[in-house]
Engineer: 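The structure's right below; bear with me while I get my questions together.
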Amino acid sequence: MEFKKPRGTRDFLFDEMRERKETENILRKVFENYAYQEIKTPLFEDLSLFTTKSGEQIVDQLYNFKDKSDREIALRPEITAPVVRLYTNELQKTAKPIKLYYFGSCFRYERPQKGRFRQFWQFGCELIGAKSPEGEAEVIAMAEQSLEDLGISTVEIHINHLGIIRALFKHFNIDTEIQEQIILLIDKGDKKLFTKELTENDIVDDSKLKDILIKLIDFVGNESVLNDIDNLLKDYEETNESIAEFKQLIDYLKSFNVSNYTINLGIARGLDYYTGIVFEIYVPELGAQKQVAGGGSYNLVELFGGEKIESTGFAFGFDRLMNVIEHDKTKNKEKNEDTSIVDVFIAPISKDTREKSFEIGQILRNSNISTEIDLSRKKFKKLLITANKLNAKYVILVGEDELEKDSVTIKNMASGDQELVAIDDILDYINL
RNA sequence: GCCGGGGUGGGGUAGGCGGUUAUCCUACGGGACUGUGGAUCCUGCGACUCGGGUUCGAAUCUCGGCCCCGGCCCCA
């Protein structure tokens, strides 16, 4: 075998593609029901679009190259930055809020693993210019509904508000570098490690902050956690605004009929551009790669040179969704054999009836009936075998005897019955 | 980048302490059967991931590359 596909890429065959398309269509439907409109951005962008957003170190994880005019180009590793670029280029003066969604592949130069590829797909949205808590609540509601419509039931939605910890950092005058270090530690999700690092390595001097942080990231649970936060942080009024927003979000979630959520002060999302609510969605059965979606509120527009504006977005890791669906499929042992590739198979019985067969085929296709015609001059028996493999509902036998009467024989493959039908009546016959 | 397990026809596999023609299932082509399908039988096609080493001889042992799987790091 001469050529192999590049590491971390996949070929999708018919069955898999059918399932992916189904998933894609369900997501499209949900997003459009929430008034989102689809956009598409280029697969590659200026490298600086991504380094501005995420720092220079991101370059190790990118597919980047110089083009023939010496431009630094990168294949997109995610779609939020391109969308924000698109917004600042074309949509700044458009009526707000703007709701847009996208579906496309992204590229990262990483070691492939389960649920992690070098080319992978994201299905996501951005809500630009809505007032925070209600916009966030709606976005989360839409994410939940998407999963529900996909038939994925065992999900956990974890929500945090990064404004709280940012306010604390401000209160204690923690400089940005240390902040990022702490956020990174939180993001790892290892609480023991967090406590250890914080107490042993003197990342922060202030023991009060240490105590608060260690307690804070342990706050995980339902609505009642909000009271714990209140109690813990009552002396730090800088946090009031974010806590109030957080409460409001939780209230609005009720209105949007979302009850399956977990408040989790340990969610951080490594990115330093998130400013408000952040959330992650897990499907526990996926194990190490259980995160199927992530998002939050950010202010990237300003970073890219636009006016300051609230934005919220999230993206599904499409391939991970497919993993869950695949998982559930095999669990439920579903038979998948009843898929017809075409409704009608046209079988020219002799070489003299081929031309007429093609004419009939085109009539059916023009009437939106999926039709296959023998193109390989198969013998009679093989024609029926082929029709059977295609799972065609009808076979139209085009033979010389029939054509003399301007007719064909139509065979119902399920019942085995067949009937002589005038060519002019084929459409009516098949449509009944 | 690190650790572990792997790689045999299109798909799924057996063999694996070195030794003759590499096993079976399935798929595919042809035929039994030149105008009636899913069955059966016959038949054909088709593979040891790549490269070096050890050896009279390597699918088998050994080293390295590539790729896949799982985990770590990372995860915008």
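Letters A, B, ... are given to chains in the order of the sequence lines, protein chains preceding strands, and every chain is numbered from 1.
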Engineer: Any side-chain heavy atom of A:Phe44 within less than 4.5 Å of one from A:Asp67?
Structural biologist: no
Engineer: Find which nucleotide of RNA chain B each of A:Arg108 and A:Asn388 is nearest to by heavy atoms, and output the residue with the more 5' nucleotide.
Structural biologist: A:Asn388
Engineer: What does A:Lys378 touch in the nucleic acid at a heavy-atom separation under 4.0 angstrom: a base, only the sugar-phosphate, or nothing?
Structural biologist: nothing
Engineer: Taking the same atom, P, in B:C25 and in B:U43, what whole-Å distance lies between them?
Structural biologist: 12 Å
Engineer: Measure from CD on A:Gln119 to P on B:C67 and round the result to the nearest Å.
Structural biologist: 16 Å
Engineer: Roughly how far apart, to the nearest Å, are B:C63 and B:C17 at atom P?
Structural biologist: 16 Å
Engineer: Under 4.0 Å, counting only non-hydrogen atoms across every strand here, what does A:Gly296 touch: a base, just sugar-phosphate, or nothing?
Structural biologist: nothing
Engineer: For A:Glu400, which contact category applies under a 4.0 Å heavy-atom criterion: base, sugar-phosphate, or nothing?
Structural biologist: base
Engineer: So if I take every side-chain heavy atom of A:Leu184 and compare against B:G35, B:G37, B:C75, which nucleotide ends up nearest?
Structural biologist: B:C75
Engineer: Whom does B:G10 pair with, Watson-Crick or G-U wobble, provided both distances fall under 3.5 Å?
Structural biologist: B:U26
Engineer: I'd like the C1' distance from B:U60 over to B:A22, given in whole Å.
Structural biologist: 12 Å
Engineer: Please check: side-chain N/O of A:Ser297 versus main-chain N/O of A:Thr312, any donor-acceptor pairing under 3.5 Å?
Structural biologist: no
Engineer: Below 4.0 angstrom, N of the basic side chain to O of the carboxylate: do A:Arg28 and A:Glu24 qualify?
Structural biologist: yes
Engineer: What does A:Asp401 touch in the nucleic acid at a heavy-atom separation under 4.0 angstrom: a base, only the sugar-phosphate, or nothing?
Structural biologist: base
Engineer: Base of B:U36, side chain of A:Lys411 - is there a donor-acceptor contact under 3.5 Å?
Structural biologist: yes
Engineer: Identify whether any heavy atom of A:Glu402 sits under 4.0 Å from a base atom; if not, whether one sits that close to sugar-phosphate; answer base, sugar-phosphate or nothing.
Structural biologist: base
Engineer: So do A:Leu364 and A:Leu427 actually touch side chain to side chain, heavy atoms under 4.5 Å?
Structural biologist: yes
Engineer: Considering only the C1' atoms, how many Å lie between B:C48 and B:U8, rounded to the nearest integer?
Structural biologist: 4 Å
Engineer: Could you work out the separation of B:C67 and B:G30 based on their C1' atoms and round it to a whole Å?
Structural biologist: 36 Å
Engineer: Atom CD of A:Gln418 and atom P of B:G37: how far apart are they, to the nearest Å?
Structural biologist: 10 Å
Engineer: Is there a Watson-Crick or G-U wobble partner for B:G4 with both distances under 3.5 Å, and if so, which one is it?
Structural biologist: B:C69
Engineer: Return whichever of A:Ile58 or A:Phe380 has its heavy-atom-nearest nucleotide of RNA chain B closer to the 5' end.
Structural biologist: A:Phe380
Engineer: Could you tell me the separation between the OH atom of A:Tyr102 and the P atom of B:A76, rounded to a whole number of Å?
Structural biologist: 13 Å
Engineer: Ignoring the backbone of A:Leu384, work out which of B:U36, B:C28, B:G35 is nearest its side chain.
Structural biologist: B:U36
Engineer: Which of these, A:Tyr101, A:Phe279, A:Tyr298, sits in a ring pair (Phe, Tyr, Trp, His ring centres under 6.0 Å) with A:Phe314?
Structural biologist: A:Phe279
Engineer: Using the ring of A:Tyr109 (Phe, Tyr or Trp, six-membered ring only), decide whether A:Arg118 places NZ or CZ under 6.0 Å from its centre and within 45 degrees of its axis.
Structural biologist: yes
Engineer: Considering every strand and a 4.0 Å limit on heavy-atom distances, what is the contact class for A:Gly416: base, sugar-phosphate, or nothing?
Structural biologist: base
Engineer: Tell me the interatomic distance from A:Glu126, atom CD, to B:A76, atom P, rounded to whole angstroms.
Structural biologist: 15 Å
Engineer: Does A:Arg7 make a side-chain N or O approach to OP1 or OP2 of B:C68 shorter than 4.0 Å?
Structural biologist: yes
Engineer: Looking only at side-chain atoms of A:Leu397, point me to the closest of B:C28, B:U36, B:C68.
Structural biologist: B:U36
Engineer: B:G12 and B:U49: how far apart are their P atoms, nearest whole angstrom?
Structural biologist: 13 Å
Engineer: Taking the ring of A:Phe31 and the ring of A:Phe123, is the distance between their centroids below 6.0 Å?
Structural biologist: yes
Engineer: How long is the line joining CG of A:Leu383 and P of B:G38, in whole Å?
Structural biologist: 13 Å
Engineer: Counting side-chain heavy atoms from CB outward, which of B:G70, B:U36, B:A76 is closest to A:Arg111?
Structural biologist: B:G70
Engineer: Please report, rounded to the nearest Å, how far the C1' atom of B:C66 is from the CZ atom of A:Phe3.
Structural biologist: 15 Å
Engineer: Give me the distance, rounded to whole Å, that separates B:G9 from B:G5 when you measure between the P atoms they each carry.
Structural biologist: 22 Å
Engineer: Round to the nearest Å and state the distance from A:Trp121 atom CH2 to B:A76 atom P.
Structural biologist: 21 Å
Engineer: If I pick the C1' atom on B:G6 and the same atom on B:C45, what distance separates them, to the nearest angstrom?
Structural biologist: 28 Å
Engineer: Does A:Leu384 reach the side chain of A:Asn388, with side-chain heavy atoms less than 4.5 Å apart?
Structural biologist: no
Engineer: Scan A:Leu62 against the nucleic acid and name what it touches under 4.0 Å (heavy atoms): base, sugar-phosphate only, or nothing.
Structural biologist: base
Engineer: For the side chain of A:Gln113, counting heavy atoms from C-beta on, which of B:C73, B:G35, B:G38 is nearest?
Structural biologist: B:C73
Engineer: Paired with B:C48: which nucleotide, if any, by Watson-Crick or G-U wobble criteria at under 3.5 Å for both distances?
Structural biologist: none
Engineer: Between A:Asn323 (CG) and B:G70 (P), how many Å, whole number?
Structural biologist: 9 Å
Engineer: Between B:A76, B:C69, B:G35, spot the one nearest the side chain of A:Gln61, thanks.
Structural biologist: B:A76
Engineer: Report yes if a side-chain nitrogen or oxygen of A:Lys114 is closer than 4.0 Å to either non-bridging phosphate oxygen (OP1 or OP2) of B:G70; otherwise report no.
Structural biologist: yes
Engineer: Among B:C3, B:C67, B:C28, which is the nearest nucleotide to the side chain of A:Lys389?
Structural biologist: B:C28
Engineer: Heavy atoms from C-beta onward define the side chain here; which of B:C28, B:A76, B:G37 lies closest to that of A:Lys381?
Structural biologist: B:G37
